[in-house]
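Following: one structure in structure tokens, then a few remarks.
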There are 2 protein chains.
Amino acid sequence: MSTRPAHIVIVEDEPVTRSALVAYLGSFGYRISECDTAEKAEKILAQGTADLLIADINLQGKDGLEMTREQRARSEIGIILLSGRTDDVDRIVGLELGADDYVCKPFNRRELLARVKNLLRRTSAMRALTRRVFHFNGFTFDVASRQVTGPAGGQIVLTRAEYELLRVFVTNPGTVMDRDRLIAAITHRQDGTNTRTIDVLVQRLRAKLGDDPKAPRIFTTSHGEGYVFTAQLD
Amino acid sequence: MSTRPAHIVIVEDEPVTRSALVAYLGSFGYRISECDTAEKAEKILAQGTADLLIADINLQGKDGLEMTREQRARSEIGIILLSGRTDDVDRIVGLELGADDYVCKPFNRRELLARVKNLLRRTSAMRALTRRVFHFNGFTFDVASRQVTGPAGGQIVLTRAEYELLRVFVTNPGTVMDRDRLIAAITHRQDGTNTRTIDVLVQRLRAKLGDDPKAPRIFTTSHGEGYVFTAQLD
DNA sequence: TCCTCTTGTTAACAATTTTTTACAAATAAT
DNA sequence: ATTATTTGTAAAAAATTGTTAACAAGAGGA
């Protein structure tokens, strides 16, 4: 079965270790995104396409433990922590935060690969089942079934692009996202899609959810930057 | 979470370690079955009710590695291996056989508990995928007998291709699958079958299960990509 | 074998969705 | 206030999908 390769995000600020990881795992056909800071990794994770996160526990700025806490709050992505120290406390804290595994450096590549494989087997099954439902301004958005229910209770049918766009917004509330990022999240095409497509899609979402651009409550325009989801999620 | 407690099978021939494990994990509400040999454990595992296997790697007779190999061939149960030695080779072999984790004695109880929790979170999702009878939107789909029963109770007869297609959908809920992948799943031919065949088959499935493409609840079109099964499995 | 029936496949055209284009309206800067 | 830039909207164009119908390939029976 020729299914798409798993997407692994690697966060490691030590260049040697990082490139070794990227090269080794990449050679097994995985799609790899490499980052040197938590912030860059989170941009990629926000798109919701990643299957596995491999993060160093000691990063400049936000560290692997903090990333684990934040990711676990919002997704069921697989998490493997890397650490230079063999510290019992660190390891237990990481695992209790929800990291699936904790590997100490220097690690054996074959062992890491085996752990990656086993974990991906678990998460690929999980991803299909996790049900995520968002509530905002009286609307209900079920990501799995792709259904939106309005305040009055009626079904609101979204097209694929509208659904993808709403999913990106809802999973990144309060974050201004530029058109390029939004396009990357919704398009299935290779070539460069016109950024104005986003404006049209936002307009259609606004029309379907009854949001007025002059007094926006859900999708707010950030002039010169992009759009933000400004509804309160509850 | 008010579901039944997870069922953990512990195989350890050293009485002290075993009773400590049983007492500790049992105190967190798990249902524990304890054994001192692989053979006794397999009798329990054969019932198919277990969620997690914790096995010592060095047992009299059949050992933990052999158990891992055998269990992995037939089920997706979670497996944690225990070992007295800190042996790289043993650990890698265990992981490559499909064990989810490998813990060296003497282990920290809190760490083991964290690993058990994390793994159970993964396997509970997975168990749903190895199901052979699916329920969704009032329908019952028995994969083995190829029978579909409608909400009203009547039998719905599927053709071979329709059955294969429904099986692929139901075993990959929430995953957008392109037409090539769906064709590969339903046809046994090598030559290039027209991808539009899928559209026609999806249409026929929709007709038989009463799904409206304009407001889909079961088979959702992902424009430019393929189709997704978006019914909630329960 | 021939016929009949069922299923799988293809083709054609209608309907829908996505993307582009064009222009009006709004915003920010000079 | 004027200008340039950016966004909102509508409508057309391009791409994709829904639907129907017809044809082909097998299966089973007379």
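Naming: A, B, ... by sequence-line order, numbering from 1 per chain.
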For the pair made of [atom1] in [X] and [atom2] in [N], what is the distance, rounded to whole Å?
| X | N | atom1 | atom2 | result |
| --- | --- | --- | --- | --- |
| B:Lys214 | C:dT17 | NZ | P | 9 Å |
| B:Lys208 | C:dT6 | NZ | C1' | 11 Å |
| B:Asp211 | D:dG18 | CG | C1' | 13 Å |
| B:Leu205 | C:dT7 | CG | C1' | 14 Å |
| A:Asp178 | D:dT6 | CG | C1' | 14 Å |
| A:Ile186 | C:dT20 | CD1 | P | 10 Å |
| A:Ile198 | D:dT7 | CD1 | C1' | 14 Å |
| A:Arg146 | C:dT17 | CZ | P | 14 Å |

Next item on the list: For A:Asp199 and for B:Asp199, locate the closest nucleotide of DNA chain D by heavy-atom distance; then report the residue assigned to the nucleotide nearer the 5' terminus.
Entry: A:Asp199

Item checked: 5′-ward residue of the pair B:Gln203/B:Glu225 relative to DNA chain D -> B:Glu225

Just call it for [X]: base, sugar-phosphate, or nothing, with non-hydrogen atoms closer than 4.0 Å on any strand.
| X | value |
| --- | --- |
| B:Thr159 | sugar-phosphate |
| A:Tyr227 | sugar-phosphate |
| A:Thr221 | sugar-phosphate |
| B:Val202 | nothing |

Notebook entry, point to check: Can you tell me how far CZ of B:Arg115 sits from CG of B:Asp101, rounded to the nearest 0.5 angstrom?
Noted result: 4.0 Å

Checklist line | Spacing of B:Asn118 atom CG and A:Tyr102 atom OH [to the nearest 0.5 Å] | finding: 14.0 Å

Checklist line | Cationic N near anionic O, under 4.0 Å, B:Arg146 to B:Asp142 | finding: no

Margin query: So that I can tick it off, tell me whether A:Arg122 and A:Asp51 are bridged by a salt bridge, with the cut-off set at under 4.0 angstrom between side-chain N and carboxylate O.
Written below: no

Notebook entry, point to check: On a plain distance test, is the side chain of B:Arg196 in donor-acceptor contact with the base of D:dG18 below 3.5 Å?
Noted result: yes

Check: Does any N or O donor sit under 3.5 Å from an N or O acceptor when you compare the side chain of A:Arg204 with the base of C:dT19?
Finding: yes

Checklist line | Criterion side chain to side chain donor-acceptor pair (under 3.5 Å) against A:Tyr227, the qualifying member of A:Thr220, A:Thr175, A:Asp199 | finding: A:Asp199

Check: Using a cut-off of less than 4.0 Å, is there contact between a side-chain N or O of A:Ser222 and OP1 or OP2 of D:dT7?
Finding: no

Notebook entry, point to check: DNA chain C: A:Val157 or A:Asn194, which has the more 5' nearest nucleotide?
Noted result: A:Val157

